[in-house]
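Notes follow once the structure below has been shown.
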Amino acid sequence: MTEIFTGSFTQQEPIPEEGIAAANAVMRHGRLHRYDTSGDEIAETALLEEEFAAATGAKYCLAVASGGYAMTTALRASGVKYGDKVLTNTFTLAPVPGAIAAVGGVPVFVGVTEDLVIDLDDLAAKLDQARVLLLSHMRGHICDMNRLMTLCNDAGVTVIEDCAHTMGAAWDGVPSGRWGRFGCYSTQTYKHINSGEGGFLICDDAEDMARAIILSGSYMLFEKHRAAPPPETFAQIKYETPNISGRMDNLRAAILRPQLRRLKEQGEKWNARYRVLESGLADTPGLRLIPRPAKEQFVASSFQFLLLDWSADAVTDVIGRCKARGVELKWFGGAEPVGFTSRYDSWRYAPSEPMPASDRVLAGVIDMRLPLTFSLDDCAMIARIIRGEAAAVYQGQAAAE
Ligand SMILES: *Cc1c(COP(=O)(O)O)cnc(C)c1O
């Protein structure tokens with residue numbers, strides 16, 4: 001019998017009951033705006049910031065409207081101006097070069113390795129081209145952060161981390177988002193905690209955070225923040241910093257707080273699913289699994305593998321066969337951006353040179369979501385389907401040669 005998978009790759013879990021109750025309370029009192037508090041009430045947003053700072057070990061935290069907004073705010077607060085070049089990953093998603101373009105910056109793309117992390121040799125060769133690196137921990141793969149930080153510190157390059165896929169993850173015991181000057185997170189539905197839209201910015205520098213808070217649209221209400229520097233830090237910054245509204249509201253904060261409390265537990269569930277897929281796909285001919293270094297404490301909310309050096313027709317064949325059996329795979333090598341996939345050369349507003357080594361990797365990257373609505377048995381079935389179809393196409397290719 002041919003197995004067909006019937007689960008949905010886009011179905012996330014419901015919001016915890018505790019979050020629904022907290023959201024209802026906010027709707028009943030009507031004070032959704034983060035600065036609308038009654039008496040000595042502390043807004044849900046301010047509490048959430050305090051809790052996220054504690055969870056990451058950051059001194060300061062700002063909750064914002066999206067992950068993209070967190071990145072543009074970090075770039076602005078780092079002084080990136082119109083026409084400035086900003087280093088970033090070749091293998092990432094559209095909001096990353098988009099954030100650079102939003103502040104008038106020009107992305108300089110840095111290659112990707114077969115392990116799906118930023119190519120540190122390519123980075124080393126390009127460090128003299130920009131003052132800032134917007135580092136995307138794309139799909140939760142974390143590079144050797146010790147080496148990356150040494151390279152960037154020696155070159156005087158500021159690191160901003162895009163942790164959209166690494167909330168709760170760490171390298172060598174240090175949380176992702178705590179290596180660079182700023183850590184940026186998303187709380188959009190497909191990330192690790194879900195408020196529909198939303199994000200966070202964390203940092204340790206008082207002036208950086210004061211600038212970010214004013215940028216986010218605090219007016220002169222910054223004293224209502226709790227994970228923020230003292231009011232004297234704002235003395236000059238409040239006059240010099242434009243308001244570019246992008247606040248989080250209390251409704252979103254209310255549903256995020258209980259999710260943040262169970263983040264560690266969720267990470268363990270994701271990783272258990274990941275390991276089932278990984279072992280189910282081990283030693284599939286022609287299929288390369290991504291090695292996970294011992295120092296990388298990842299949170300696997302998605303799964304990737306490589307069909308390296310396969311022809312485009314063969315990859316398309318595998319994707320079509322898996323789709324017919326209910327398994328939705330995304331391909332980063334397609335000629336046109338589809339759904340959430342896209343490549344550096346699809347962002348035509350940002351000039352790029354051809355990058356043959358990265359093109360080879362991107363042409364083989366297969367990507368899959370791993371929602372927690374999947375059981376371990378579901379993951380085992382998905383692995384059997386991919387393994388069977390990839391093996392059939394691989395053998396067919398070999399026979400044709
Ligand atoms: C989702 C995502 C973002 C931005 O998040 P939004 O909240 O949707 O703006 C940034 N980087 C990557 C890699 C993402 O996948």
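Remember, it's a predicted structure, so these values are computed and weren't measured experimentally. Remember, it's 1-based here, ligands and their atoms both numbered in the order they're listed.
Listed by first and then second residue, the ring-ring contact (aromatic ring centres under 6.0 Å, His included) pairs involving residues 259-291 are His192-Trp270, Tyr274-Phe298, Tyr274-Phe303 (not counting sequence neighbours).
In this structure a side-chain-to-backbone donor-acceptor pair under 3.5 Å is present from Glu296 to Ile142. Of the possible donor and acceptor atoms, one in the side chain of Thr90 sits under 3.5 Å from a partner among the backbone N and O of Val110. Side chain of Glu161 to main chain of Gly183: no donor-acceptor pair is present (N/O by atom type, distance under 3.5 Å, no hydrogens or angles).
With ligand atoms numbered from 1 in the order given, ligand 1 contributes 5 (O), 6 (P), 7 (O) to contacts under 4.0 Å with heavy atoms of Ser186. Close contacts of ligand 1 with Gln188, meaning ligand atoms under 4.0 Å from a residue heavy atom, involve 1 (C), 7 (O), 8 (O). Those atoms of ligand 1 with a heavy atom of Ala164 less than 4.0 angstrom away are 2 (C), 3 (C), 10 (C), 11 (N), 12 (C), 14 (C). Using a 4.0 Å cut-off to heavy atoms of Leu93, the atoms of ligand 1 that qualify are 15 (O). Taking every heavy atom of Met71 and a limit of under 4.0 angstrom, the matching atoms of ligand 1 come to 10 (C). Listed by number with element, the atoms of ligand 1 under 4.0 angstrom from any heavy atom of Val96 are 11 (N). Each of the following atoms of ligand 1 lies closer than 4.0 Å to a heavy atom of Gly68: 4 (C), 5 (O), 6 (P), 9 (O). Close approach of ligand 1 to Ser66 is summarised as follows: ligand atoms under 4.0 Å from at least one heavy atom of the residue are 7 (O), 9 (O).
Checking only distances, Asp162 does come within under 3.5 Å of ligand 1, N or O to N or O. The shortest N/O to N/O separation between Ser136 and ligand 1 does not fall below 3.5 Å.
Separating the CG atom in Leu134 from the CG atom in Asp162 is a distance of 6.0 Å, to the nearest 0.5 Å.
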query: Should Thr284 and Arg387 be marked as a side-chain hydrogen bond (donor to acceptor under 3.5 Å, both in side chains) after you check the CA-CA gap, both sets of side-chain angles, and the distance that decides it?
result: CA-CA 6 Å; Thr284 305; Arg387 186 186 188 90; 3.1 Å; yes

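Aromatic ring centres of His165 and Tyr190: separated by at least 6.0 Å.
Heavy atoms of Thr187 found under 4.0 angstrom from ligand 1: none, in either backbone or side chain.
Each of Thr45, Asp36, Thr37 was evaluated against Lys224; a single residue qualifies, Thr37, per the side chain to side chain donor-acceptor pair (under 3.5 Å) test. The only option from Asp309, Asp283, Asp115 that meets the salt bridge (charged side-chain N to carboxylate O under 4.0 Å, His left out) definition with Arg288 turns out to be Asp115.
The closest non-hydrogen atom to atom 3 (C) of ligand 1, taken over His137, Glu197, Arg139, Lys191, comes from Lys191.
Nearest protein neighbour of atom 15 (O) of ligand 1, counting heavy atoms only, is His165 NE2, 2.6 Å.
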